[in-house]
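Report on the structure given below.
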Amino acid sequence: MLYSHLTIHLLLSVIQLLSGILANGIILVGRGMDLIKRRTWTSLDLLLSCLGVSRFCLQLMFFYMTLTFLSIVEFSESSTHFAVCMLINESGLWFDTWLGVFYCAKTANITHPLFWLKRRISKLVAWLILASLLYTSIVSIFHNKYPWPIFQKTLPQYFSKNATAQSKGSTFLYIFLATELSLPLLIFLASVLLLVFSLGRHTWQMRSTMTGSRDLSRSSQLRAILSILSFLFLYLTHYVVDALITFLILQAGSLVFLFCMLVAGTYPSAHSIILILGNTKLKQNAKTFLLHCRCCP
């Protein structure tokens with residue numbers, strides 16, 4: 001029988017799962033409808049579609065982890081299972097990173113000659129996605145082929161029914177995983193902070209203009225900054241929780257561990273909702289979907 005706090009954790013996880021499926025489903029259906037109507041996809045449509053698929057899978061993965069931790073389903077100690085989880089998680093991090101790079105290249109007002117991405121980012125998106133998928137696939141194959149000690153000294157510590165003592169992994173484990181997870185983080189931080197700096201500087205230059213279209217432009221700039229900062233916050237919290245779980249810092253079964261699991265599961269749904277609210281086409285798709293659901297008996 002589940003304890004009360006575990007029951008609450010399960011209910012919150014179900015809410016996260018349903019909201020994540022709904023938000024990412026709206027993104028995927030909307031991009032699919034545009035592809036059918038226009039017979040073509042923009043680079044942003046392709047990136048958002050990849051994000052929707054990865055976050056859809058990531059949301060299911062976190063819900064499965066929750067069920068496993070609560071001993072509702074049995075934990076699979078297959079190295080292939082672990083490799084697939086790593087593929088889903090890391091591909092999602094890379095897609096988020098390229099979204100940050102795309103926004104930076106398209107929005108940041110930087111005229112330096114070295115900032116050539118602004119002119120080429122649309123053509124590079126597909127290649128960046130393919131490169132990240134190739135990289136994460138190679139890493140996942142490595143995890144599948146050499147699961148010791150990477151696999152058996154991490155997840156089983158949390159999800160085995162009799163996991164009490166948490167043994168520390170080898171130095172190689174820490175170095176490998178830290179290097180593996182740091183690369184997308186550094187690229188994301190550089191692009192997003194550069195974008196925030198550019199938008200903040202532009203807003204500061206417009207602060208004395210308070211009327212007309214300039215006032216509306218200033219308001220849109222502030223909304224863009226808040227959207228990017230929320231993206232940064234959610235990305236960092238998800239990354240930190242990943243690191244805490246991977247490096248066995250959290251105590252399995254503790255309230256802090258349960259809270260971190262909820263935080264990690266919030267990211268795939270919360271940022272997708274932010275994307276929908278901040279994108280005109282996605283917002284229209286969401287309104288159409290909700291109106292259709294309301295009209296249907």
Side-chain angles (χ1 to χ4, degrees), residues 27 42-52 54-55 89-136 178-209 214-243 266-268 270-282:
I27 293 176
T42 65
S43 55
L44 181 59
D45 289 336
L46 176 60
L47 188 53
L48 289 177
S49 299
C50 292
L51 266 175
S54 66
R55 288 176 174 177
N89 185 58
E90 290 196 38
S91 60
L93 289 176
W94 276 109
F95 294 152
D96 293 331
T97 298
W98 299 139
L99 182 63
V101 172
F102 182 88
Y103 281 157
C104 178
K106 286 293 187 179
T107 309
N109 186 19
I110 300 174
T111 57
H112 196 280
L114 294 178
F115 198 67
W116 53 269
L117 271 177
K118 194 174 188 68
R119 299 185 300 272
R120 303 183 182 180
I121 186 62
S122 296
K123 297 180 180 179
L124 288 175
V125 165
W127 293 106
L128 292 174
I129 291 174
L130 287 175
S132 58
L133 286 175
L134 178 61
Y135 170 79
T136 53
T179 304
E180 179 182 338
L181 296 174
S182 295
L183 186 56
L185 173 67
L186 294 176
I187 298 175
F188 177 83
L189 285 177
S191 59
V192 170
L193 292 178
L194 186 62
L195 176 58
V196 170
F197 171 77
S198 176
L199 290 175
R201 183 180 62 179
H202 183 66
T203 304
W204 179 261
Q205 292 172 351
M206 297 176 60
R207 70 189 187 282
S208 58
T209 306
R214 291 292 183 87
D215 187 34
L216 294 176
S217 177
R218 181 172 178 267
S219 178
S220 65
Q221 294 285 345
L222 289 175
R223 288 197 299 269
I225 292 176
L226 292 177
S227 177
I228 295 298
L229 288 178
S230 64
F231 186 16
L232 176 62
F233 174 77
L234 289 171
Y235 185 97
L236 289 178
T237 52
H238 177 74
Y239 181 89
V240 170
V241 171
D242 278 353
T266 300
Y267 174 66
H271 186 249
S272 295
I273 294 174
I274 293 174
L275 284 176
I276 293 174
L277 295 177
N279 186 285
T280 304
K281 291 194 297 183
L282 292 177

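A quick note: this is a predicted structure, and the numbers were derived from the prediction, not measured. When a residue number appears, it is its place in the shown sequence, counting from 1.
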Rounded to the nearest 0.5 Å, what's the gap from CD1 on I228 to CD1 on I274? Could you check?
-> 10.0 Å
Roughly how far apart are S91 OG and D96 CG, rounded to 0.5 Å?
-> 9.5 Å
Taking all heavy atoms of R55 and all of P268, pick out the closest pair and write down the distance.
-> CD-O, 3.7 Å
Report yes if the side chains of H271 and H238 come closer than 4.5 Å at any heavy-atom pair, otherwise no.
-> no
With under 30° as parallel and over 60° as perpendicular, where do the rings of F188 and F231 fit, or are they tilted in between?
-> perpendicular
Contacts of T42 meeting side-chain hydrogen bond (donor to acceptor under 3.5 Å, both in side chains) (sequence neighbours excluded), chain-then-number -> D45
Which heavy atom in V192 sits nearest to a heavy atom in G100, and how many Å separate them?
-> CG2-CA, 4.3 Å
Taking the side chain as C-beta and beyond, is there a heavy-atom pair between K281 and L44 under 4.5 Å?
-> no
Pairwise distance CZ(F95) to SG(C50) - rounded to 0.5 angstrom = 4.5 Å
Is any side-chain heavy atom of T266 closer than 4.5 Å to a side-chain heavy atom of T237?
-> no
With sequence neighbours left out, which residue pairs that include part of residues 225-234 fulfil the salt bridge (charged side-chain N to carboxylate O under 4.0 Å, His left out) condition?
-> none
Between L282 and L277, is a side-chain contact (heavy atoms from CB on, under 4.5 Å) present by the stated rule, with each step listed?
-> CA-CA 7 Å; L282 292 177; L277 295 177; over 6 Å; no
Which heavy atom in A270 sits nearest to a heavy atom in L234, and how many Å separate them?
-> CB-CD1, 4.0 Å
Residue list, ring-ring contact (aromatic ring centres under 6.0 Å, His included) with W94, at least two apart or on another chain | W98, Y135
Under the side-chain contact (heavy atoms from CB on, under 4.5 Å) rule, what do L189 and L236 come out as? Steps first, then yes or no, please.
-> CA-CA 9 Å; L189 285 177; L236 289 178; 3.9 Å; yes
Would you mind writing out the side-chain donor-acceptor pairs for residues 124-133 within the sub-3.5 Å range, not counting sequence neighbours?
{"from": "S132", "atom 1": "OG", "to": "L128", "atom 2": "O", "distance (Å)": "3.1"}
{"from": "S132", "atom 1": "OG", "to": "I129", "atom 2": "O", "distance (Å)": "2.8"}

Out of curiosity, L48 CG to L99 CG, how far, rounded to the nearest 0.5 Å?
-> 6.5 Å
Looking at OG1 of T136 and CG of L93, how far apart are the two atoms once the value is rounded to the nearest 0.5 Å?
-> 10.0 Å
Closest heavy-atom pair, S191 versus C104, reported as atoms and distance to 0.1 Å, is O-SG, 3.3 Å
Does S43 have any side-chain hydrogen bond (donor to acceptor under 3.5 Å, both in side chains) partners at least two apart in sequence or in another chain, and if so, which?
-> none
With side chains defined as the heavy atoms from C-beta onward, is the minimum distance between I27 and L51 less than 4.5 Å?
-> no
What residues form a side-chain hydrogen bond (donor to acceptor under 3.5 Å, both in side chains) with T97, not counting sequence neighbours?
-> Y235
